[in-house]
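Shown next, in structure tokens, is the structure this report addresses.
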Amino acid sequence: MYGQGIAKGMWVTIKHLVDTYLDDLKWWGRRYTDPAVFPERQGPHTRGVFTVQYPEEKLPMPERFRFTPFLVVNDPDAPEHPSHIWCTSCGICAKVCPPQCIWIMRGVHSDTGRPIPEPAEFYIDIDVCMNCGYCAEFCPFDAIKMDHNYELASYDRTAHHIHDLARLSKPVSYWEHIAPTLAANERAAREAEAARKAARKKSAPAKQQDDAK
Ligand code: SF4
Ligand code: SF4
């Protein structure tokens, strides 16, 4: 019948409108405070409005979500790396960064003035960063990772949007929290590499003795 489709469409719209208010009554006072509500409202049996009511509600980020980069540092109570910051100031990330928004200044030894493998300064212009993740992909030391925090808007686009060493540094436990599977794989690879190096070191004196005979 002519117009039947329109009537059906309007019925669905009205049903969702009414269900939205019924849903509000169902979750009265708990809608944005009870963690069980959001998954149910996003599930297949939801009624009423199912759009995300941002910023009160937020979708969980997948592990591989990338926003701006951050630098990995040791956890204060479980230092895992010889220096506090894992970055060795090798400069690979700055070289591969397509829009060239990373600036690094290598640190120097306070007594000798010789270069040391950690940055004295590190800046990323997050307005220029295109969130490609190349820096994290190419870093040979697992020292730079892509953050999930996308709420970085501010009224000051000069100082606030140039992230310095202090702002970029986040403990490895933070990375393990936002990307547990990726972090576990990386940790396993680091431990396997450390074990290989230890075994090679152990076998080196025996080989030298064999060669001397
Ligand atoms: S590639 Fe990694 S180790 Fe090298 S400068 Fe960048 S963050 Fe530091
Ligand atoms: S995510 Fe891409 S654009 Fe942003 S700093 Fe890293 S390499 Fe550069």
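Heavy atoms only: backbone and side chains are in, while hydrogens, waters and symmetry mates are out. Whatever order the structure lists them in is the order used to number ligands and atoms, beginning at 1.
- Taking the six-membered ring for Trp and the full ring otherwise, Y32 and F38 have centroids separated by 6.0 Å or more.
- The backbone N or O of D77 sits nowhere less than 3.5 Å from a side-chain atom of D75 that would complete a donor-acceptor pair.
- The nearest heavy-atom contact from the protein to atom 2 (Fe) of ligand 1 is C139 SG, 2.4 Å.
- Salt bridge E57/R41: present, at least one basic N to carboxylate O contact under 4.0 Å.
- Of all protein heavy atoms, the one lying nearest to atom 4 (Fe) of ligand 2 is C129 SG, 2.3 Å.
- With a heavy-atom cut-off of 4.0 Å, V128 does not touch ligand 2 at all.
- Closest to atom 1 (S) of ligand 2 among all protein heavy atoms lies G133 N, 3.2 Å.
- Residue contact annotation: C90 places no N/O/S atom under 2.8 Å from atom 2 (Fe) of ligand 1.
- A donor-acceptor distance shorter than 3.5 angstrom exists from the side chain of N149 to the backbone of E151, with no hydrogens or angles considered.
- By the 4.0 Å N-to-carboxylate-O rule, R190 lies close enough to E80 to be salt-bridged with it.
- Of all the heavy atoms of P69, the ones lying under 4.0 Å from any atom of ligand 2 belong exclusively to the side chain.
- The part of I104 lying near ligand 1 is the side chain, judged by heavy-atom distances below 4.0 Å.
- Close contacts of ligand 1 with G91, meaning ligand atoms under 4.0 Å from a residue heavy atom, involve 4 (Fe), 5 (S).
- Under 4.0 Å from ligand 2, the heavy atoms of M146 that appear belong solely to its side chain.
- If you look at A136 next to ligand 2, there are no close heavy atoms at all, none under 4.0 Å.
- For H161 and S154, the side-chain atoms include at least one donor-acceptor pair closer than 3.5 Å.
- Between R187 and D142 there is no salt bridge, since none of the side-chain N atoms of the basic residue sits less than 4.0 Å from a carboxylate O of the acidic one.
- Under the 3.5 Å distance criterion, the side-chain polar atoms of E118 are left unmatched by any main-chain donor or acceptor of C87.
- Remark: ligand 1 atoms within the under-4.0 Å shell around heavy atoms of C93 are 1 (S), 5 (S), 6 (Fe), 7 (S).
- In this structure, Q100 falls outside the shell of residues with a heavy atom less than 4.0 angstrom from ligand 2.
- For C132, every N, O or S atom stays at 2.8 Å or more from atom 6 (Fe) of ligand 2.
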